[in-house]
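Predicted, not measured: the structure shown is a model, and the values here were computed from it.
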Amino acid sequence: MAMTMSERLLHRALGYLRLCGLDIDAVVERRVLGVVSRVIAEEAVHGKPIDETAAYTRLMTQLDDAFTPPEPLLPPVTPTMVRGSIGYAP
């Protein structure tokens, strides 16, 4: 059975947030459902068919506004400097 557009939008949104490093829990799922619902409501104007490309664009914009992904954990740029001896006698 083919997925509906709302399912595809939800799948894309949750996948995007997961790849951004956000933990997906019940609170995040409810917020994402609200964003997807809002996108569909905004795109379904005057009984015209929904343009799926415009819906994806609107979804990504609203996700960026609604969620702040965690800061990436980057390794240090250089190793710490440690003073050592190379074995010369005093």
Side-chain angles (χ1 to χ4, degrees):
M1 184 157 121
M3 291 189 336
T4 63
M5 187 186 63
S6 60
E7 290 173 318
R8 288 191 298 271
L9 289 171
L10 181 61
H11 187 263
R12 174 77 53 98
L14 290 173
Y16 171 73
L17 293 174
R18 186 177 297 114
L19 288 174
C20 284
L22 203 65
D23 291 329
I24 306 299
D25 59 4
V27 174
V28 171
E29 287 177 1
R30 280 194 301 272
R31 288 179 59 198
V32 171
L33 282 170
V35 170
V36 170
S37 174
R38 201 167 38 250
V39 165
I40 291 171
E42 291 169 357
E43 287 294 322
V45 184
H46 306 297
K48 296 179 186 175
I50 295 175
D51 178 15
E52 200 161 337
T53 304
Y56 279 120
T57 303
R58 188 181 297 264
L59 173 70
M60 298 311 287
T61 302
Q62 290 192 17
L63 282 178
D64 287 340
D65 293 341
F67 294 94
T68 304
E71 292 294 322
L73 299 174
L74 299 175
V77 177
T78 59
T80 56
M81 299 271 303
V82 179
R83 189 170 180 96
S85 172
I86 57 173
Y88 291 126

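The shortest non-hydrogen separation linking M3 to R8 is O-NH1, 2.6 Å. Taking all atoms of both residues into account, the shortest heavy-atom contact from S6 to V36 is O-CG1, 4.0 Å. Between A55 and V39, the shortest heavy-atom contact is O-CG1, 3.5 Å.
Atom CG of L9 is separated from atom CD of E7 by 10.5 Å, given to the nearest 0.5 angstrom. Separating the CG atom in L59 from the CD atom in E43 is a distance of 10.0 Å, to the nearest 0.5 Å. Atom-to-atom distance recorded for T4:OG1 and I40:CD1 is 7.5 Å, nearest 0.5 angstrom. Note: E42 CD to I50 CD1 = 11.0 Å, rounded to the nearest 0.5 Å.
Around CG of D65, the count of heavy atoms belonging to other residues, nucleotides or ligands within 6.0 Å exceeds 12.
D64 is listed as a side-chain neighbour of Y16, based on a closest heavy-atom distance under 4.5 Å.
T61 contributes a side-chain N or O that, together with a main-chain N or O of T57, makes up a donor-acceptor pair within less than 3.5 Å.
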